[in-house]
There are 2 protein chains.
Amino acid sequence: MEKVDVFDLIERMTALMRAEERRKCTELGLQPVHLQILDYLSRCNRYSDTPAALANFLGMTRGTVSQTLLLLVKKGFIKKSSDAIDRRIVHLALLQAGEAILKNARSSELFNQASLILRENNFLNQEEVFVKALLALQKANKSQSFGLCKTCRYFTRSSEGLMCGLTHEPLSQSDSEKICQEHSVA
Amino acid sequence: MEKVDVFDLIERMTALMRAEERRKCTELGLQPVHLQILDYLSRCNRYSDTPAALANFLGMTRGTVSQTLLLLVKKGFIKKSSDAIDRRIVHLALLQAGEAILKNARSSELFNQASLILRENNFLNQEEVFVKALLALQKANKSQSFGLCKTCRYFTRSSEGLMCGLTHEPLSQSDSEKICQEHSVA
DNA sequence: TAATTATGTATCGAATCGATATTTGTTAAT
DNA sequence: ATTAACAAATATCGATTCGATACATAATTA
């Protein structure tokens, strides 16, 4: 078994997701944080739908969150209402427009496709599950997969060593373990 | 087997990691993108260390990336050098200061600890591996875990239904499947 | 009343996009 | 060969928006 750090793989998936998210946000004219907030509000319970909780969740300052919330209110994505008992507390809730945006942004197909791909398999050890999940994400991501060189379809091993089938250049062991922009999943 | 979407779990892990990253960046006086760039440069091969590849990887415009790179150069984290053959192309490389920052930022203990926790276990099905990985992350994250209500140590099932052991309030099925800021891992 | 908690506000530097410009490379035609 | 035309990689500029800091306000608690 090769030594693979599971959380290293998760980091790689995260990077793919971040890029996807940024692209989607640019389309919609939003910031990644905005989607993250809408997503959080759609998933959190009644003890956790406050600005302070959001700030903790996002790792941002309260002031910043406060401003971002103003924007989202102005855009009609969320609404505020003050707590009946403790009137310092503000409860946040998604409005229809917010849910619509979120739904639009979520169904990027990326995950749906990746899920399908992943479901087709059955594996034994932990690492492999994550490896396959990452591959599934890369495969579902039409644009570019940015995978490890040695997992690329053009990567070849011969008696003379490692080689890139695109550039026909020899590769070192270290080369083959790095991220390549030309990476292509079989 | 409960129906769990693996990529849903990955999204949740991503959220935890993002928050961690943001906090770390605020400490270091950097933006998340800066760390992402340094990280990418530490992992990419010689075909992929260009501004354009970075822009694709990050899902940002070339203009933005260009400016961010200027900043990182000014701070002494990276250097540029033009390609010997095609002089339109710029190659980016980490400098010592950049590697130092990266190393500092990476060793947040979060992953190391989570890895340890995860390694203690052995599981059978796919979903469970991801569930455990998420739990490991939440456990390693000292601040707040933001987990699902029903995975919280204070969550209880009795003959009268579901209940939160902190607030002593009854919970609906839907409540128990939402994120809670008070979530605490056993 | 003092201390604490939850949130809002004002300011200012910094990051972002989008468009345009610059440099280098490639192609095709003369 | 030479030149022109197009394409590719990156840089620059201006308008806009974001986000952190520091301070202010209001409600709650001890």
- Query: Do the side chains of A:Val90 and A:Val73 join up, straight or via other hydrophobic residues, at under 4.5 Å, putting them in one cluster?
  - Reply: yes

- Item | Sub-4.0 Å heavy-atom contacts from residues 41-56 of chain B onto DNA chain D, ordered by number | B:Thr50, B:Pro51, B:Ala52

- What residues form a side chain to side chain contact (heavy atoms under 4.5 Å, CB included) with A:Glu11, not counting sequence neighbours? A:Asp8, B:Met17, B:Arg43, B:Phe111

- Mind checking side chain to side chain contact (heavy atoms under 4.5 Å, CB included) for A:Arg46 and listing every partner two or more places apart, or none if nothing turns up? B:Glu169, B:Leu171, B:Asp175

- Query: Can you list the residues that meet the side chain to side chain contact (heavy atoms under 4.5 Å, CB included) rule with B:Arg88, with sequence neighbours excluded?
  - Reply: B:Asp86

- Under the salt bridge (charged side-chain N to carboxylate O under 4.0 Å, His left out) test, residues paired with A:Glu21 that sit two or more places apart: B:Arg18

- So which one's nearest nucleotide on DNA chain D is more toward 5', A:Gly29 or B:Lys80? B:Lys80

- Item | For B:Glu99, side chain to side chain contact (heavy atoms under 4.5 Å, CB included) partners two or more places apart | B:Leu94

- Listed partners of B:Gln173 passing side chain to side chain donor-acceptor pair (under 3.5 Å), at least two apart: B:Glu177

Distance-only donor-acceptor pairs under 3.5 Å for side chains of residues 52-64 of chain A, two or more places apart:
{"unit_1": "A:Asn56", "atom_1": "ND2", "unit_2": "B:Gln144", "atom_2": "OE1", "d": "3.1"}
{"unit_1": "A:Thr61", "atom_1": "OG1", "unit_2": "A:Thr64", "atom_2": "N", "d": "3.3"}
{"unit_1": "A:Thr61", "atom_1": "OG1", "unit_2": "A:Thr64", "atom_2": "OG1", "d": "2.7"}

- Residue pairs passing the side-chain hydrogen bond (donor to acceptor under 3.5 Å, both in side chains) test with at least one member in residues 67-84 of chain A, sequence neighbours excluded, are A:Asp83-A:His91

- Assign a letter to each nucleotide of nucleotides 10-25 of chain C from its 5' end: B, base within under 4.0 Å of a protein heavy atom; S, sugar-phosphate only; -, no contact. BB---SBB------BS

- Message: Under 4.0 Å from a heavy atom of chain A: give me the 5'-most and 3'-most nucleotides of DNA chain D that qualify.
- Response: D:dC18 to D:dT28

- Can you sort out the partners of B:Ser42 under side chain to side chain donor-acceptor pair (under 3.5 Å), two or more places apart, ordered by chain and number? B:Arg106

